[in-house]
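Read the structure below first, then the notes.
To find a chain, count down the sequence lines: A is the first, B the second, and so on, and within it residues start at 1.
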Protein chains: 2
Amino acid sequence: MYDVAERSGVSIATVSRVYRTPDSVRAQTRERVLEAARQLGYVPSGNARGLASRTTGVLGLCFPDYADPDAEADAEADSDADDAVMLYSDQIIRGMERAARRHGYALLIAASLEGGPESLVAKVAGRVDGFAVLAQTVPTEDLEVISRRLPVVMIAGPREIDHLDHIVVANADGERELARHLIEDHGLRRLAFVGGEVESPDAEARFLGFRQACRDAGLPVPDAPDLRAEMMTQAEGARTAEELLDRDGERPQGVLFANDQMAVGALRALERRGVRVPEDIAVTGFDGIPLSRIVRPPLTTVRQPIRQLGEQAVELLVQRLGNSGSEPVSLMLPVSLIRRASCGCG
Amino acid sequence: MYDVAERSGVSIATVSRVYRTPDSVRAQTRERVLEAARQLGYVPSGNARGLASRTTGVLGLCFPDYADPDAEADAEADSDADDAVMLYSDQIIRGMERAARRHGYALLIAASLEGGPESLVAKVAGRVDGFAVLAQTVPTEDLEVISRRLPVVMIAGPREIDHLDHIVVANADGERELARHLIEDHGLRRLAFVGGEVESPDAEARFLGFRQACRDAGLPVPDAPDLRAEMMTQAEGARTAEELLDRDGERPQGVLFANDQMAVGALRALERRGVRVPEDIAVTGFDGIPLSRIVRPPLTTVRQPIRQLGEQAVELLVQRLGNSGSEPVSLMLPVSLIRRASCGCG
DNA sequence: ATCTAGGGTGAATGCGCTTTCAGAAGAGGG
DNA sequence: CCCTCTTCTGAAAGCGCATTCACCCTAGAT
């Protein structure tokens, strides 16, 4: 910058003005400065700018990555396992990026499950004006510290820290509506629910919705999911589906899986076993991933507006950067039931 | 930081050392500092650190986003159009993020097609140690300037600036191999090629591969694709497929689409028209997106290692950050033919 | 011709941290 | 008990920019 100033015969203050407030500089001077900058290959230092102006123009996102970056796993299995989280966090990223761009922000992302002063989380926190956290990716303790210095919004999951902004989708409502549809509209009475890990708050919320629907309909209310998947992948979906078939007793008339990935896996397993969907058994998912539309039969599911989660997160951050005093916000985004063939519709 | 220093009874230099080189500080002192930092909610300023140390620990990525962020398009159409680019740039992002994390970097991303001193591109460039650019997202002129200050690697597309590192996939080789397979192994002679926009270097390279295969086999060598899609989407794939059917003259025995999205769209259009694949006509794609495995019939295609593109980009950047003197590198990643039912295999 | 505005510019200060360069405090050897 | 060698810590000088304040110049008003 000093070089540019010298070369164009102005002071560094003027060079700064050319970039910050172009209109406050005479057009002729401005051109001279820009030309000098071009010749010298000048790239303004974001660090210096940020330091001086106390703002970075960057928003951050921390998301989980279940895949070990050092693992050189078999390509096929790898891509399959990844799809589950990719479809989710990638859409968040896309949503945030889009909304951020609309507001003139760039997006700094890092996947991480660990905290501490050396972690990527700390690095991200120090370089952004505000940031979003996917549930269970940053230790609560770190969030406490960080949220004292800059706006933080929590996406999905439980509200670990009550003074943070928080966004979730209506998991329970969606699953409840889905179950109601199966019970009332299709007349199914023996339903099974396949859940996820106990630590998955989304899966738990969906199970709660299922319970409510059972209660609403006067059916027996289960205490826990009929089965839990280790990971919410297609492979686990297939496994649990088969386990359900092999169980003693009456076969359920319908199975609600806690997400689409598992439901898709189940569809394949059932086909292999010669069980017809939906004639012999209805199958549903949750998420509304693109895949759900394509499989045979097309999957009845609940669409969550994942991308909007990201967009709303940015909106909240931007809002809070504008006025930091207001009360913490807690948003719940609506979901929508998508009726397709796998439950007997269409 | 001054507060932390005061509270823990040390100088700011020691606080700095606690974060930069923990081992150089006595354990007892270190604990005292960290405790004070926790109490005060201290978050180190990445800007100041970057300014002082002349390094950010962040890598950047600029990618195109064809969707206008202001558009509130119909959700269904929107998601379909997006899928094409999402599947690509999202995998790049994922690959880069993963590799970056392995090296201790965070990733700063921004979608943009414009340049200039006010653009997001400039902002990104000023905040990273090095960055990757997807072809045709940043004006060459800006790249010239930026690449004088920090390492830049170009992903896909033609090599616009010859002193930049550059990574592509073997588009031509892949399509050539694919066409060879159709010609030799399946005995097809009348093949049609559906290309993309003229400005799509990937699509053009694939067409070149197709030509080579024709030449190799002694078939007539076309000067241009039989048809060009406006955008490489499913909708355009369906449209071009129908146009091909409605043409006068002999129907082709096989159609090679420049990417999977179009091929999938074509599959649907052909099904609607009662044309059997592969019995009546063979169909192939390019990219190896997840969708290609799921459609009926499963799509014969060429898998490109998209995620590896991102990973390699990071590797190149990291390498160049280590020793900046070496010659510009140009990598071509191999692709692999995936034979599935849509060409008559399996 | 003198005075007043007001746009355009420069000098100087500080943003919060890293990083020498010394100096202070312990640890051992003579 | 003194001296040297480590180990640990502090003082101070920037890093490259934004921003305030003062200043100069030109143009219009008196």
Side-chain angles (χ1 to χ4, degrees), chain A residues 1-34 36-37 40-58 117-118 122-129 145-146 148-150, chain B residues 1-34 36-37 40-58 117-118 122-129 145-146 148-150:
Chain A
M1 176 156 173
Y2 288 84
D3 298 340
V4 174
E6 188 176 355
R7 188 175 188 115
S8 52
V10 299
S11 75
I12 61 162
T14 300
V15 177
S16 174
R17 275 188 276 264
V18 167
Y19 286 90
R20 305 303 306 147
T21 54
D23 292 337
S24 73
V25 177
R26 209 192 318 167
Q28 177 191 340
T29 313
R30 195 193 319 145
E31 277 315 310
R32 206 147 31 92
V33 170
L34 286 177
L40 269 54
Y42 169 63
V43 177
S45 157
N47 284 325
R49 173 176 298 188
L51 183 55
S53 65
R54 258 165 294 274
T55 162
T56 66
V58 177
E118 290 297 322
K123 174 177 293 179
V124 171
R127 310 197 78 87
V128 299
D129 289 338
V145 173
I146 294 170
R148 290 171 60 181
R149 289 294 182 224
L150 42 83
Chain B
M1 175 154 175
Y2 287 84
D3 298 341
V4 174
E6 190 176 353
R7 187 177 189 111
S8 53
V10 299
S11 75
I12 60 164
T14 300
V15 177
S16 174
R17 274 188 278 263
V18 167
Y19 285 90
R20 306 305 305 148
T21 52
D23 291 338
S24 74
V25 177
R26 208 193 320 167
Q28 176 192 342
T29 313
R30 195 194 315 147
E31 276 315 310
R32 204 148 30 93
V33 170
L34 286 177
L40 269 55
Y42 169 64
V43 178
S45 156
N47 284 325
R49 172 177 298 189
L51 183 54
S53 66
R54 258 168 298 275
T55 162
T56 66
V58 177
E118 290 297 321
K123 173 178 293 182
V124 172
R127 308 197 79 85
V128 299
D129 289 338
V145 173
I146 294 170
R148 290 171 59 182
R149 289 292 182 229
L150 43 82

Worksheet item: Starting at the 5' end of DNA chain D and moving along, which residue's nearest nucleotide shows up first, B/Ser53 or B/Arg17?
Response: B/Arg17

Item to complete: Just call it for A/Val15: base, sugar-phosphate, or nothing, with non-hydrogen atoms closer than 4.0 Å on any strand.
Response: nothing

Discussion item. Any non-hydrogen side-chain atom of A/Leu34 less than 4.5 Å from a side-chain atom of A/Glu31?
Written reply: yes

Practice prompt. Would you mind telling me which residue lines up with the more 5' stretch of DNA chain C, A/Ala13 or B/Pro44, judged by nearest nucleotide?
Written response: A/Ala13

Discussion item. Need one value for B/Gly126: base, sugar-phosphate or nothing, where a base atom within 4.0 Å counts as base even if backbone is also close, heavy atoms only.
Written reply: nothing

Worksheet item: Would you say D/dC15 has OP1 or OP2 under 4.0 Å from some side-chain N or O of B/Arg54?
Response: no

Discussion item. Base, sugar-phosphate or nothing for A/Ser16? Non-hydrogen atoms, less than 4.0 Å.
Written reply: base

Worksheet item: Does B/Thr14 have a side-chain nitrogen or oxygen under 4.0 Å from the phosphate oxygens OP1 or OP2 of D/dG10?
Response: yes

Practice prompt. Considering just the side-chain nitrogens and oxygens of B/Tyr42, establish if one lies under 4.0 Å of OP1 or OP2 belonging to C/dC17.
Written response: yes

Fill in: Rounded (10°) bend between the five-pair end axes of the helix from C/dA1-D/dT30 to C/dG30-D/dC1
40°

Fill in: Side chains of A/Thr55 and A/Arg49 in contact at under 4.5 Å (non-hydrogen atoms)
no

Worksheet entry | Nearest-neighbour nucleotide for the A/Arg49 side chain, D/dA18, C/dC15, D/dG10 considered | D/dA18

Worksheet item: Between D/dG16, C/dT9, D/dT9, which nucleotide gets closest to the side-chain atoms of A/Arg26?
Response: C/dT9

Discussion item. Under 4.0 Å from OP1 or OP2 of D/dA18: is there any side-chain N or O of A/Arg20 that close?
Written reply: yes

Worksheet entry | Closest to side chain of A/Ala52, choosing from C/dT9, C/dG14, D/dT9 | C/dG14

Worksheet entry | Residue whose nearest DNA chain C nucleotide is more 5′ - A/Tyr2 or A/Arg32 | A/Arg32

Fill in: Side-chain donor/acceptor of A/Arg149 to backbone N/O of B/Gly41, under 3.5 Å
yes

Discussion item. OP1 or OP2 of D/dG16 versus the side-chain N and O atoms of A/Ser45: is any pair under 4.0 Å?
Written reply: no

Discussion item. What's the closest nucleotide to the side chain of A/Leu51 if the choices are D/dC8, C/dT9, C/dC15?
Written reply: C/dC15

